[in-house]
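As structure tokens, the structure follows; a few thoughts come after it.
Side-chain atoms are counted along with the backbone in the values below, which use heavy atoms only and exclude waters and symmetry mates.
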Amino acid sequence: MWDRLWINAHLATLAPHVDHHDIETESGLLRDGAIAVEQGRIAWIGSRCDLPGAPETLSNEVIDCRGAWITPGLIDPHTHLVYAGDRSEEFSERLCGVSYQEIARRGGGILSTVRATRAASEDELFALSEKRAKRLMANGVTTLEIKSGYGLTLEDELKQLRVARRLGSELRLRVHVSFLGAHALPPEFVGRREAYLGHLCTDLLPQIAAGGLADSVDGFCEGIAFQPHEIERLFITARDLGFTLRLHADQLSDLGGASLAARLGALSADHVEYAHEEGIRAMAAQGTVAVLLPGAFYFVREDKLPPVEAFRAHGVRMALATDCNPGTSPLLSPTAVMNMACTLFRLTPREALDGHTRHAAAALGLSATCGMLAPGMAADMALWDITAPHELAYWIGGVMPVGRVFAGVPDQVL
């Protein structure tokens, strides 16, 4: 007997090369479908008429979806969710003509959030972050990446990482944790960049690895942050310690971050507005995913579009993420991200949905676990009262799931 069986549903499987006579192969859509779950994983998926018996004889619980669409649970592969403080005043300053770079140079930006995060206790930080995580969950997110990078001391970075791990253990949510110590140069190390990099490599990374507090190591490769040779030193140490790699690359300028990410075997290069042809070719050859962040593009009023056509031409997978953070993307709606990606970057609605599901899973190294509806995959799903999946990208954050399932257990039953 299956644990649960969902019937009378339309399924956006997103699984490529599915061999099933009722699946619209190009789009991966299955109308009037059924999906069964056992021990947290998908045990069977197909047309309702192909079920091997009456639903009530096959499963301990049968859920009638009444024509809802089921997609994989949404995946948000780039967030800075764990932080304290508020930077709404900077929003006003930017509207008055002050650049993001100028705000950062005079002690605002990332460093203002660093001060507030350092001042918060671990429990305070958890309470603030839990609210944001629950908002994302209510929007259909079942897997979430969370970065550190607002502590920039050993004690405060560990505090952020512990909070991220705690969110994954206390909420019905899969959390991938990234260490972003190379986010900004902390005030204690002004004028001593080499010393800070040495501190990251010698002190922080080994402790984080020993404690199992992070899955990936990230870095901000940009003129206002860290140079490619500095990131390379950090990433080689991280790779030797068993971490996977992810990189903030080519957001504000072309420093060759996309090429660097691919050369070092990073799972993803994120932002990538200024990625050039050589870097894009390298990403395609390595399988590095381009994580597009339209929320930050919109909020900071950038005008350099990411090279979407080049990514398509070379077969680079494009993921989407909220980039939820206090300074440049105060955003907690993946469907709003889908709309922005379509209207600003000209992605198709199907590309946008792939970007928040299967390609987002690839950006986290989780393609074998989640991001599609297929036998053996984690039974993470979102249920939607929509006419078709393209509607998710049509509404500007105005569509919410009517149900969410994590590891085969529904948050609410229709």
Side-chain angles (χ1 to χ4, degrees), residues 71 74-81 87 90-91 94-95 99-100 132 135-136 139-141 143-147 218 220 222 246-254 257-258 261 268-275 279-280 283 288-312 316-364 371 389-400:
T71 68
L74 302 184
I75 299 170
D76 195 349
H78 181 128
T79 82
H80 303 257
L81 197 76
R87 282 162 61 186
E90 292 179 11
F91 174 61
R94 284 201 301 273
L95 290 174
S99 71
Y100 175 66
R132 294 186 277 265
R135 284 276 303 278
L136 285 168
N139 276 275
V141 170
T143 297
L144 176 65
E145 187 261 10
I146 301 176
K147 305 178 191 299
D218 199 342
F220 188 14
E222 195 54 70
R246 316 186 67 235
L247 184 64
H248 287 62
D250 302 335
Q251 178 188 9
L252 305 172
S253 62
D254 179 8
S268 72
D270 302 23
H271 289 286
V272 291
E273 282 90 336
Y274 284 82
I280 294 167
M283 289 175 66
T288 300
V289 178
V291 179
L292 308 183
L293 305 172
F297 179 92
Y298 163 82
F299 197 75
V300 184
R301 302 164 68 197
E302 295 178 12
D303 55 16
K304 175 68 172 175
L305 291 166
V308 167
E309 285 298 334
F311 289 141
R312 286 177 180 143
V316 175
R317 292 168 292 183
M318 293 180 286
L320 295 175
T322 64
D323 192 18
C324 176
N325 75 76
T328 62
S329 190
L331 178 57
L332 290 166
S333 170
T335 56
V337 172
M338 292 183 203
N339 178 271
M340 290 179 184
C342 292
T343 56
L344 298 175
F345 298 166
R346 311 311 293 171
L347 266 64
T348 67
R350 172 58 197 264
E351 286 175 325
L353 182 54
D354 283 344
H356 255 308
T357 52
R358 64 192 187 99
H359 294 335
L364 298 178
H390 62 247
E391 212 177 317
L392 297 177
Y394 166 72
W395 292 100
I396 308 174
V399 59
M400 299 282 288

Asp76 pairs by side chain to side chain contact (heavy atoms under 4.5 Å, CB included) with which of Leu364, Thr322, Leu332?
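Of the listed options, the one satisfying the test is Thr322.
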Please round to the nearest 0.5 Å and tell me the distance separating atom [atom1] of [X] and atom [atom2] of [Y].
X      : Y      : atom1 : atom2 : answer
Lys147 : Asp218 : NZ    : CG    : 4.0 Å
Ile396 : Cys342 : CD1   : SG    : 11.5 Å
Phe220 : His271 : CZ    : NE2   : 6.5 Å
Met400 : Ser333 : CE    : OG    : 7.5 Å
Thr348 : Leu353 : OG1   : CG    : 9.5 Å
Arg87  : Thr328 : CZ    : OG1   : 7.0 Å

Any residue meeting ring pair (Phe, Tyr, Trp, His ring centres under 6.0 Å) with [X], in chain and number order, not counting sequence neighbours:
X      : value
Tyr298 : none
Phe311 : none
Phe345 : Phe297

Any side-chain heavy atom of [X] within less than 4.5 Å of one from [Y]?
X      : Y      : result
Val337 : His356 : yes
Val399 : Met338 : no
Pro349 : Tyr394 : no
Leu293 : Ser329 : no
Leu247 : Thr288 : no
Thr71  : Leu392 : yes

Looking only at heavy atoms, what is the nearest atom pair of [X] and [Y], with distance?
X      : Y      : result
Pro294 : Ala321 : CD-O, 4.3 Å
Leu331 : Ala336 : CD1-CB, 4.2 Å
Leu136 : Pro334 : CD2-CD, 4.3 Å
Met340 : Gly295 : SD-CA, 3.8 Å
Met283 : Ala269 : CE-CB, 4.0 Å
Pro307 : Val272 : CD-O, 3.3 Å

For residues 353-364, which residue pairs pass the salt bridge (Lys or Arg N to Asp or Glu O under 4.0 Å) check, not counting sequence neighbours?
Arg350-Asp354, Asp354-Arg358
Write out all pairs satisfying salt bridge (Lys or Arg N to Asp or Glu O under 4.0 Å) with one or both partners inside residues 289-311, taking only residues at least two apart or from two chains.
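For residues 289-311: Glu309-Arg312.
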His78: side chain to side chain donor-acceptor pair (under 3.5 Å) partners, not counting sequence neighbours:
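His78 satisfies side chain to side chain donor-acceptor pair (under 3.5 Å) with His80, His248, Asp270, Asp323 only.
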How about Leu305: does its CG atom have over 12 heavy atoms from other parts shown lying under 6.0 Å from it?
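Above 12, so yes.
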Counting N and O atoms only, with roles assigned by atom type, does the side chain of [X] sit under 3.5 Å from a partner on the main chain of [Y], one being a donor and the other an acceptor?
X      : Y      : result
Thr335 : Asn139 : no
Asp254 : Ala275 : no
Arg246 : Pro77  : yes
Arg132 : Leu81  : yes
Thr79  : Glu145 : yes
Glu222 : Leu252 : yes

